[in-house]
Amino acid sequence: MEVISAIITIGTILYHIISKISESSGSSSSSSNANSYVNTYELSQNEKLQSMNVDELNHCYATSKITNFSPRRAEQVLRSGLLKGFDVKDIVIQGSCVNIRIKHSIPYNSGTNDYGSSFSINCIEPTQNVIIYGLDTYNVGERKAFYCIADEIIKKLSK
């Protein structure tokens with residue numbers, strides 16, 4: 001009798017453990033899948049800067065004099081979706097510098113944005129010169145794409 005009681009107790013405990021595991025994994029029923037979610041992690045500003053490799057953005061791709069340049073206005077323009085040929089993924093503002101991480105295509109504006117890169121938009125305030133820096137590359141197609149991206153940014157910021 002004690003053996004049967006022990007088996008029933010162990011079976012009950014196993015049933016409760018399996019039920020809890022099923023509930024937490026969302027596989028107990030189809031209605032629990034509608035309530036499931038994916039944990040996401042938002043990178044901090046410093047983590048975004050590290051992923052952009054801002055110390056390696058040392059090649060000048062465009063420069064222009066833009067009166068009344070503002071990093072906040074530049075952020076609005078970049079987030080507006082009006083830029084052609086690339087998608088802005090991250091923006092980090094540091095003083096008068098706007099660092100961006102983008103997805104682009106090679107050749108430029110060919111449709112699928114499969115490549116990623118970063119740019120730094122810097123303003124020299126006394127002269128109101130805006131300079132766009134990016135990665136130095138030996139790939140001719142990539143270099144052409146970087147010049148086109150920088151030109152597009154300058155055009156939109158100048159309006």
Side-chain angles (χ1 to χ4, degrees), residues 20-159:
K20 293 294 180 184
I21 291 171
S22 295
E23 287 175 14
S24 66
S25 69
S27 63
S28 63
S29 69
S30 61
S31 64
S32 68
N33 287 337
N35 296 329
S36 65
Y37 61 93
V38 176
N39 290 333
T40 58
Y41 177 73
E42 181 72 25
L43 294 176
S44 71
Q45 299 290 14
N46 285 336
E47 290 171 327
K48 287 179 184 179
L49 284 173
Q50 287 176 351
S51 73
M52 291 179 190
N53 296 325
V54 293
D55 292 336
E56 296 177 22
L57 304 178
N58 55 14
H59 185 85
C60 177
Y61 284 100
T63 184
S64 180
K65 186 171 186 169
I66 300 176
T67 55
N68 299 324
F69 176 85
S70 160
R72 296 291 170 205
R73 185 181 157 285
E75 180 181 22
Q76 289 175 341
V77 169
L78 292 167
R79 290 194 191 278
S80 70
L82 298 174
L83 298 162
K84 292 185 259 177
F86 61 95
D87 301 320
V88 177
K89 296 299 181 186
D90 283 321
I91 299 174
V92 178
I93 297 175
Q94 291 183 308
S96 63
C97 178
V98 181
N99 297 296
I100 61 172
R101 188 171 59 86
I102 66 164
K103 294 289 273 182
H104 63 92
S105 60
I106 300 174
Y108 176 71
N109 207 9
S110 64
T112 57
N113 294 334
D114 294 334
Y115 299 92
S117 191
S118 299
F119 291 88
S120 180
I121 305 166
N122 299 288
C123 180
I124 301 172
E125 292 173 356
T127 60
Q128 297 181 334
N129 282 334
V130 174
I131 305 167
I132 299 180
Y133 291 100
L135 294 171
D136 193 12
T137 179
Y138 295 107
N139 182 318
V140 175
E142 190 172 39
R143 185 176 292 241
K144 286 179 183 178
F146 288 174
Y147 278 111
C148 291
I149 290 166
D151 287 342
E152 178 70 14
I153 293 170
I154 290 290
K155 284 180 201 171
K156 295 300 181 186
L157 293 178
S158 298
K159 290 184 178 181

Separation of [Y] [atom2] from [X] [atom1] (nearest 0.5 Å):
X      : Y      : atom1 : atom2 : result
Leu78  : Ile102 : CG    : CD1   : 10.0 Å
Ile91  : Arg101 : CD1   : CZ    : 11.0 Å
Phe146 : Ile106 : CZ    : CD1   : 6.5 Å
Lys103 : Asp90  : NZ    : CG    : 11.5 Å

Which pairs would a plain distance check flag for residues 147-157, meaning a side-chain donor or acceptor within less than 3.5 Å of a matching protein atom at least two apart in sequence or in another chain?
residue	atom	partner	partner atom	Å
Tyr147	OH	His59	NE2	3.2
Glu152	OE2	Lys84	N	3.2

Just so I know, are the side chains of Asp87 and His104 near enough to count as touching, which here means a heavy-atom distance under 4.5 Å?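 No, side chains not in contact.
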Pairs satisfying side-chain hydrogen bond (donor to acceptor under 3.5 Å, both in side chains), at least one member in residues 61-72, at least two apart: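 Applying side-chain hydrogen bond (donor to acceptor under 3.5 Å, both in side chains) to every pair that reaches into residues 61-72, excluding sequence neighbours, yields Arg72-Glu75.
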Under 3.5 Å, side-chain donor or acceptor atoms of residues 117-127 against the rest of the protein: list the pairs with distances, not counting sequence neighbours.
residue	atom	partner	partner atom	Å
Ser118	OG	Met52	O	3.3
Ser120	OG	Asn99	OD1	3.1
Ser120	OG	Asn122	OD1	3.4
Ser120	OG	Asn122	ND2	3.2
Thr127	OG1	Ile124	O	3.4
Thr127	OG1	Asn129	ND2	3.4

Identify the two heavy atoms, one from Val98 and one from Ala74, that lie closest to each other, and give their separation to 0.1 Å.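 Closest approach of Val98 to Ala74: CG2-CB, 4.2 Å.
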